[in-house]
Amino acid sequence: MKAMKTAIALAALGLVLCLWLLIRVDWYNFSAFMLVAQPLLIIAVLIFGGAVVKALRRQRLL
Amino acid sequence: MTAVSLAWAASAAGEGVPRPEGWIGTTEQWTQGLGIALVLVNLIVLGLAWRRLSRGEAPRQVLGLLFVGLLLLPVIVIFFGYNQGIAGMERVQACGGCHVMTSHVQDLHNPDSESLAAVHYKNRFIRENQCYTCHSDYGMLGTIQAKMTGVGHIVHLLRGDYSLPLKIARPYPNVRCLACHAESQRFLKSDGHPAEMRPELMSGQTSCLTCHAPAHTPKEARQ
């Protein structure tokens, strides 16, 4: 539960940075998009994937 | 539609001259609008997932929402982000965004400047993305190389290991000039480009800038 909420919070932060880039492009928000937003979204996916794998292992489906 | 209108307003804000985009807008404006709409939808999906988790539902029960909100939509949003970001980085305003380039951009806008770049810019010989058009090679690899060079420029800027006036790192290749000019009648009929000299220009043995310099006259270079 806590891991999922962390993933959601990280993804939301990454998405806000994406929104900033989509509204107006400059060096600052393009750098923020590449160097911060993408890693945040990737970490969120990894947390999500990790939780899914853990749940599947617990049910002995994996 | 609201997101598209927002994107339209955002892109139109910096333009003084109306563009021939018709009532439906340009692909870029639609991409921007759809990107904004997708981010908003994604945030709503994540908000719903958060709410259901807070109410005590097991993550398994909100798996669909989490899959869409954490994986599916972000992948599409990143695609739209790159589409918008890479296109935006090709604009003159983006090049002028670093303070060391400000005087180069001012030179472009200066009505009294006779530098090669200013003449091309002022007369709209190149309609848009003037810096990028002249400073990137053609084709996919040229675009990638230009982006890598741009990253190198950011590193130099952050480290402060550059000196003014800025100078081009490598000799400017003629192929970038010739891609537009080589087959134009003005080029072919010019006394400055006699037929016997053209092989030298085509091979790059003689630089176009031998006769057509200076390319830029930023204020540091004029002082």
Side-chain angles (χ1 to χ4, degrees), chain A, chain B residues 3 6-7 9-11 13-14 31-43 45-50 53-54 56-60 62-63 65-67 69-71 73-75 77-78 80-91 93-98 150-151 153-154 157:
Chain A
M1 177 79 84
K2 201 174 175 184
M4 286 300 175
K5 281 194 164 180
T6 308
I8 291 174
L10 293 177
L13 191 60
L15 286 169
V16 169
L17 292 174
C18 292
L19 187 63
W20 183 25
L21 175 76
L22 285 161
I23 290 171
R24 187 175 175 277
V25 183
D26 59 39
W27 272 113
Y28 303 107
N29 54 35
F30 190 58
S31 302
F33 168 76
M34 288 203 303
L35 304 174
V36 184
Q38 284 189 108
L40 285 176
L41 291 169
I42 290 168
I43 292 168
V45 169
L46 290 176
I47 292 172
F48 172 64
V52 169
V53 169
K54 211 170 161 184
L56 289 173
R57 277 194 181 150
R58 205 181 303 132
Q59 293 170 11
R60 301 195 173 178
L61 292 170
L62 204 70
Chain B
L6 181 66
S11 68
T31 312
Q32 187 185 19
L34 284 173
I36 292 170
L38 274 170
V39 171
L40 297 176
V41 169
N42 200 344
L43 286 170
V45 169
L46 290 177
L48 287 173
W50 181 283
L53 286 171
S54 298
E57 286 187 44
R60 198 176 49 186
V62 284
L63 200 62
L65 274 181
L66 289 171
F67 177 77
L70 292 174
L71 184 62
L73 285 175
V75 168
V77 166
I78 286 176
F80 276 95
Y82 265 110
N83 194 301
Q84 188 70 16
I86 287 175
M89 285 299 102
E90 292 173 2
R91 296 192 191 112
Q93 294 94 315
C95 301
C98 290
V151 172
H153 289 167
I154 295 174
L157 180 76

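Predicted model, so just to flag it, every value in this text is computed and none were measured. So that the names make sense, note that chain A is the first sequence line, chain B the second, and so on, each numbered from 1.
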**Prompt:** chain A: which of B:Gly35, B:Gly47, B:Gly81, B:Gly69 shares the most heavy-atom pairs with it under 4.5 Å?
**Reply:** B:Gly81
**Prompt:** Can you check whether A:Lys5's main-chain N or O pairs, donor with acceptor, with B:Trp50's side chain at less than 3.5 Å?
**Reply:** no
**Fill in**
Counting heavy-atom pairs under 4.5 angstrom with chain A, the leader among B:Ser54, B:Pro74, B:Ala87, B:Ala49 is B:Ser54
**Item:** Winner by heavy-atom pair count (cut-off under 4.5 Å) against chain A, out of B:Val75, B:Ile86, B:Asn83, B:Leu53
**Value:** B:Leu53
**Item:** Top contributor to chain A contacts, counting heavy-atom pairs under 4.5 Å, from B:Pro59, B:Ala58, B:Ala94, B:Gly85
**Value:** B:Gly85
**Greatest number of heavy atom pairs closer than 4.5 Å to chain A - which of B:Val62, B:Leu38, B:Thr31, B:Asn42** = B:Asn42
**Request:** Tell me, for A:Ala7 versus chain B, whether the close heavy atoms (under 4.5 Å) come from the side chain, the backbone, both or neither.
**Result:** both
**Request:** Identify the two heavy atoms, one from A:Leu15 and one from B:Val77, that lie closest to each other, and give their separation to 0.1 Å.
**Result:** CD2-CG1, 4.0 Å
**Request:** List the atom of A:Ile23, the atom of B:Gln32, and the distance in Å for their closest heavy-atom pair.
**Result:** O-NE2, 3.1 Å
**Asked** Measuring from B:Leu48:CG to A:Ile8:CD1, what's the distance to the nearest 0.5 Å?
**Response** 10.0 Å
**Fill in**
Shortest non-hydrogen pair, A:Leu22 vs B:Phe80, comes out as CD2-O, 3.9 Å
**Message:** Ignoring hydrogens, what is the shortest heavy-atom contact between A:Phe48 and B:Leu70? Give both atom names and the distance.
**Reply:** CB-CD1, 3.7 Å
**Prompt:** Using a heavy-atom distance cut-off of less than 4.5 Å, which residues of residues 34-44 of chain A contact chain B?
**Reply:** A:Met34, A:Gln38, A:Leu41, A:Ala44
**Message:** Ignoring hydrogens, what is the shortest heavy-atom contact between B:Gly88 and A:Val25? Give both atom names and the distance.
**Reply:** CA-CG1, 3.8 Å
